[in-house]
Structures are given as C-alpha cells and as structure tokens.
Amino acid sequence: DAIVGQADEAIFDADTVASRRERRELAIAGRTTMRFEYRAGSGDDAAWMESVKTPLFDADGKLTGIAGTARDITARKLAEGRMFESEQRFRSAFDHAATGMCMVARDGSWLRANQALCAMFGMSAEVLAATDFQSLTHPDDLPANRVLLDQALRGEIKSEEHTSELQSLAYLVCRLL
C-alpha cells in the first residue's frame, strides 16, 4: 500500500527507473502491452518484480495514459533457482554415474543415456541413440521388460530397478522414470 500511486523515482534506484521508462516507451511506440521482470532494491532486501505496462488510447488514437501493475515474484524466482540447481545436480549425478543409466521413451528409444551405458555397449552416444532398448536386450528378457515399462508408464509403479541380461552378456540397471 505504501507504493500505490507513487512515481518510479520514489521507489526505485536510477537504473531501474531508466529501464522501466525504456520499457514504457516501447509499449507506447508499439501500441502494445509490455511485460518484464526486474530486481528491485539491493542486498537482502532485493525483490523480483514483474511489471505490466499497457498504453491507453482514446477513440482518436491519442495516448491518454498508461495502465501499469507490478507484483512481487520473488517466491517464484527462488523456486525456479532451486529447480535449476536440482536439475543440475541430477544431470551431474546421471552423467557421471559409474553405473550405466538411461531414460527410455514409450517406444523404447533412448531419451538419455550416460557415458557408462555407452561404454557398456561399446557405442558412442550417437550410435546408441539410433537404437532402442529392445534391440540391445536379450530376446528372453523382452516380454518382462515391456511389462515393466508399460506398468511404469501407466503409473502403476513409480520406478523399478530391473536387471536384464543383454546380448553382450553385460548387465544393465535402468531406472524407468
């Protein structure tokens, strides 16, 4: 409530004011709504904000004003940051695992395979990507693997570790996600 009706200069630092003014001018020139995100404040008190600026025109096309809103999106930005860090940790653990790991699509094609899996098969990632898990699975194991994949895709099992005897007589542990 303390900022309602106040000019940008009373609330923001000079760089933020200049950026907001530039975006406002772009909205007017383009005769369109502009949405943008920015940091307001500094240090521990800084917040992420989302602003929307819409130029208002009369029936003759003359600019009569600008409707603007701003909302605090700090919680969303912090959640996005945590998600990014979590994805980075997963990617690193997956890529650098000593065990062959993969993610498999509904049709059995490889969505992702780590280097350990490629080494198990003696294939580059590109060559492996041109195959599917069925072509590298011992024929006797295919029906059981298909059942597990179908169950995982239907949500009947959240994940399942399954060891398959492969044509190369190596063993693979795939986590079906």
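Counting begins at 1 with the first residue of the sequence. Only heavy atoms go into these numbers, but all of them, side chains included; no hydrogens, no water, no symmetry mates. Since this is a predicted model, take the numbers as computed values, not measurements.
Hydrophobic clustering (ILVMFWY, side-chain heavy atoms < 4.5 Å, transitive): Y38 and L26 are in distinct clusters. No chain of hydrophobic side-chain contacts below 4.5 Å, direct or via other Ile, Leu, Val, Met, Phe, Trp or Tyr residues, connects M34 to V17. There is no path of hydrophobic side-chain contacts, each under 4.5 Å, that joins W48 to F36. Both V127 and L117 sit in one connected hydrophobic cluster of ILVMFWY residues. Membership requires side-chain heavy atoms under 4.5 Å apart, directly or through other members. F94 and L111 fall within a single hydrophobic cluster, where Ile, Leu, Val, Met, Phe, Trp and Tyr are joined by side-chain heavy atoms under 4.5 Å apart, directly or via other members.
Note on ring orientation: taking the six-membered ring where Trp is involved, the planes of W110 and F133 are perpendicular (angle over 60°, cut-offs 30° and 60°).
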Quiz prompt | Test side-chain contact (heavy atoms from CB on, under 4.5 Å) applied to F57 and K62, step by step | solution = CA-CA 5 Å; F57 300 94; K62 180 180 176 193; over 6 Å; no
Quiz item: So R76 and E37, side-chain contact (heavy atoms from CB on, under 4.5 Å) or not? Walk me through it.
Solution: CA-CA 12 Å; R76 186 191 87 204; E37 297 175 358; 2.5 Å; yes
Exercise. Would you check, one step at a time, whether the test side-chain contact (heavy atoms from CB on, under 4.5 Å) holds for I66 with L56?
Key: CA-CA 5 Å; I66 297 175; L56 305 173; 5.9 Å; no
Practice problem: Assess whether side-chain contact (heavy atoms from CB on, under 4.5 Å) is satisfied between E50 and R35, documenting all intermediate values. | Solution: CA-CA 7 Å; E50 176 186 59; R35 182 179 312 270; 3.4 Å; yes
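E85 is linked by a side chain to side chain donor-acceptor pair (under 3.5 Å) to nothing, counting only residues two or more places apart in sequence or in another chain. Evaluation of the salt bridge (Lys or Arg N to Asp or Glu O under 4.0 Å) rule for E25 yields no partner, not counting sequence neighbours.
Using a cutoff of 4.0 Å between basic side-chain nitrogens and carboxylate oxygens, E9 and R21 are scored as salt-bridged. In summary, R112 and D95 engage in a salt bridge, as defined by a charged side-chain N under 4.0 Å from a carboxylate O.
Panel note: side chain T54, backbone T33; no donor-acceptor pair is recorded below 3.5 Å. Remark: side-chain polar atoms of R89 are not paired, donor with acceptor, to backbone N or O of F84 under 3.5 angstrom. Within the 3.5 Å criterion, the main-chain N or O of D107 finds a donor-acceptor partner in the side chain of Q134.
Residues A116 and A97 approach most closely at CB-O, 3.5 Å, considering heavy atoms. Taking every heavy atom of both residues into account, P55 and A27 meet most closely at CG-O, 3.3 Å. Contact detail for R39 and A46: the closest heavy-atom pair is NH2-CB, 3.2 Å.
When side chains are defined from C-beta on, L136 counts as touching L128, because their heavy atoms get closer than 4.5 Å. Inter-residue side-chain proximity for D72 and M49 is flagged as met; some heavy-atom pair is nearer than 4.5 Å.
Between the CD atom of E87 and the OG atom of S92 there is a distance of 13.5 Å, given to the nearest 0.5 Å. One finds the CD1 atom of I28 at 12.0 Å from the OG1 atom of T32 (value rounded to the nearest 0.5 Å).
A donor atom on one side chain and an acceptor atom on the other are found under 3.5 Å apart for R20 and S51.
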